[in-house]
Student: 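If you scroll down you'll find the structure; I have some questions about it.
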Amino acid sequence: MNIPFLDKWRKRHASEPGPKLAAAFEVDPDDMAELFSECELLRSQAARAGLELDDSPASLAALDQLTPRWRDDPETLPWLGNDAGLYLGTVIVRTVPGAAWHVLPGGDPVVRLASGREIPVVEAGLDWAVQGTPELSQTYAEASET
């Protein structure tokens, strides 16, 4: 994906200790939301299992039903969990009225609901990948109720 503002931002901030996600998000939240939605590892794992992720709540339930083969690979596990959280956030933002991405000052992406409640989606995705709970569809259902 080509994100021109990110290249410019990196050049301006090359001397800083590392890129700041919160600052990049402030520059162009729509491009960052698109970047969050990529979730390449999760999408490829799901495709291998015959599941197309279409950014719908039903796809979250289908992910919950997959056999968790990724737990056998400790190197893949955190990356897959991160992708699962970003995918969960993407589904919430695209289907729950008033939901939007927000990046905390420390750089953690969360989904902020219209009520003001923040859902730490990456944390939820990591818990799902490692333990299987809470289910992604359950987290979505709770977010869509408020």
Side-chain angles (χ1 to χ4, degrees), residues 1-7 9-10 13 17-146:
M1 175 171 44
N2 181 19
I3 307 176
F5 82 89
L6 200 51
D7 292 335
W9 185 87
R10 283 186 182 137
H13 295 87
K20 304 279 187 215
L21 183 59
F25 188 81
E26 287 177 21
V27 172
D28 196 334
D30 292 336
D31 279 349
M32 290 306 295
E34 186 178 333
L35 183 64
F36 292 162
S37 72
E38 284 188 0
C39 315
E40 283 186 44
L41 179 60
L42 180 69
R43 289 180 190 277
S44 68
Q45 293 269 345
R48 275 190 241 143
L51 174 61
E52 180 185 350
L53 300 182
D54 61 0
D55 300 348
S56 70
S59 67
L60 294 172
L63 276 171
D64 289 337
Q65 301 306 311
L66 289 181
T67 303
R69 293 185 182 8
W70 56 83
R71 291 190 189 134
D72 297 334
D73 185 354
E75 290 183 24
T76 302
L77 193 58
W79 296 104
L80 188 79
N82 187 74
D83 273 12
L86 293 175
Y87 183 72
L88 169 63
T90 296
V91 174
I92 293 170
V93 167
R94 291 185 177 170
T95 61
V96 175
W101 283 107
H102 180 71
V103 177
L104 300 177
D108 296 327
V110 297
V111 171
R112 184 174 287 163
L113 302 175
S115 67
R117 177 177 165 224
E118 291 179 348
I119 301 173
V121 291
V122 172
E123 184 179 309
L126 288 167
D127 288 346
W128 172 82
V130 173
Q131 303 166 18
T133 59
E135 291 183 334
L136 298 175
S137 58
Q138 176 186 355
T139 303
Y140 174 84
E142 292 170 3
S144 65
E145 289 176 354
T146 55

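Source: prediction; values computed, not measured.
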Student: Under 4.5 Å between any side-chain heavy atoms of Asp108 and Val122, yes or no?
Tutor: no

Student: Would a distance-only check, ignoring hydrogens and angles, find a side-chain to backbone donor-acceptor pair under 3.5 Å from Arg112 to Ala99?
Tutor: no

Student: What heavy-atom pair brings Pro97 and Ala114 nearest, and what distance separates the two atoms?
Tutor: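 Heavy atoms only, the tightest pair is O-CB, 4.2 Å.
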
Student: Does the side chain of Ser144 reach to within under 4.5 Å of the side chain of Thr95, using non-hydrogen atoms?
Tutor: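 No; the side chains remain at least 4.5 Å from each other.
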
Student: Indicate yes or no: at least one non-hydrogen side-chain atom of Phe36 is less than 4.5 angstrom from one of Val103.
Tutor: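 Touching, per the 4.5 Å side-chain cut-off.
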
Student: Would you compute the distance between atom CD of Glu123 and atom CG of Asn82 and round it to the nearest 0.5 angstrom?
Tutor: 12.0 Å

Student: Under 3.5 Å, is there a donor-acceptor pair between the side chain of Trp101 and the main chain of Val93?
Tutor: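 No; judged by distance alone, with no hydrogens or angles, the pair does not exist.
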
Student: Looking at Gly81 and Ala129, what are the two nearest heavy atoms and their distance?
Tutor: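 Result for this residue pair: CA-CB, 3.6 Å.
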
Student: Which pair of non-hydrogen atoms, one from Leu66 and one from Ala49, has the smallest distance, and what is that distance?
Tutor: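 In terms of heavy atoms, the two residues are closest at CD2-CB, 3.6 Å.
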
Student: Going from CD on Glu40 to CD on Gln45, what distance comes out if it is rounded to the nearest 0.5 angstrom?
Tutor: 12.5 Å

Student: Less than 4.5 Å apart, any side-chain heavy atom of Ile119 and any of Val110?
Tutor: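 A side-chain contact under 4.5 Å is absent here.
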
Student: If you apply the rule side-chain contact (heavy atoms from CB on, under 4.5 Å), what do you find for Glu135 with Leu60, and how did you get there?
Tutor: CA-CA 8 Å; Glu135 291 183 334; Leu60 294 172; over 6 Å; no

Student: Please report the closest heavy-atom contact between Ala143 and Leu113, naming both atoms and the distance.
Tutor: O-CD1, 3.7 Å

Student: Kindly indicate whether the side chain of Pro134, heavy atoms from C-beta on, has any atom under 4.5 Å from the side chain of Asp127.
Tutor: yes

Student: Taking all heavy atoms of Leu63 and all of Trp128, pick out the closest pair and write down the distance.
Tutor: O-CZ2, 3.5 Å

Student: Decide yes or no for Val130 and Arg71: does some side-chain heavy atom of the first lie under 4.5 Å from some side-chain heavy atom of the second?
Tutor: no

Student: Identify the two heavy atoms, one from Leu42 and one from Leu80, that lie closest to each other, and give their separation to 0.1 Å.
Tutor: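 Nearest pair, atom of Leu42 first, then Leu80: CA-CD1, 3.7 Å.
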
Student: Taking side chain as C-beta onward, heavy atoms only, is Leu86 less than 4.5 Å from Ser37?
Tutor: no

Student: Please list all pairs passing the ring pair (Phe, Tyr, Trp, His ring centres under 6.0 Å) test where one or both residues lie in residues 43-65, with sequence neighbours left out.
Tutor: none

Student: Among Asp64, Leu136, Leu53, find the residue that satisfies the side-chain contact (heavy atoms from CB on, under 4.5 Å) test when tested with Ser59.
Tutor: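 The residue from Asp64, Leu136, Leu53 that satisfies side-chain contact (heavy atoms from CB on, under 4.5 Å) with Ser59 turns out to be Leu53.
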
Student: According to the salt bridge (charged side-chain N to carboxylate O under 4.0 Å, His left out) rule, which pairs have a member within residues 78-95, sequence neighbours left out?
Tutor: Asp55-Arg94

Student: Could you tell me the separation between the OH atom of Tyr87 and the CZ atom of Arg43, rounded to the nearest 0.5 Å?
Tutor: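 That separation rounds to 5.5 Å.
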
Student: To the nearest 0.5 angstrom, please state how far the CZ atom of Arg69 sits from the CZ atom of Arg48.
Tutor: 11.5 Å

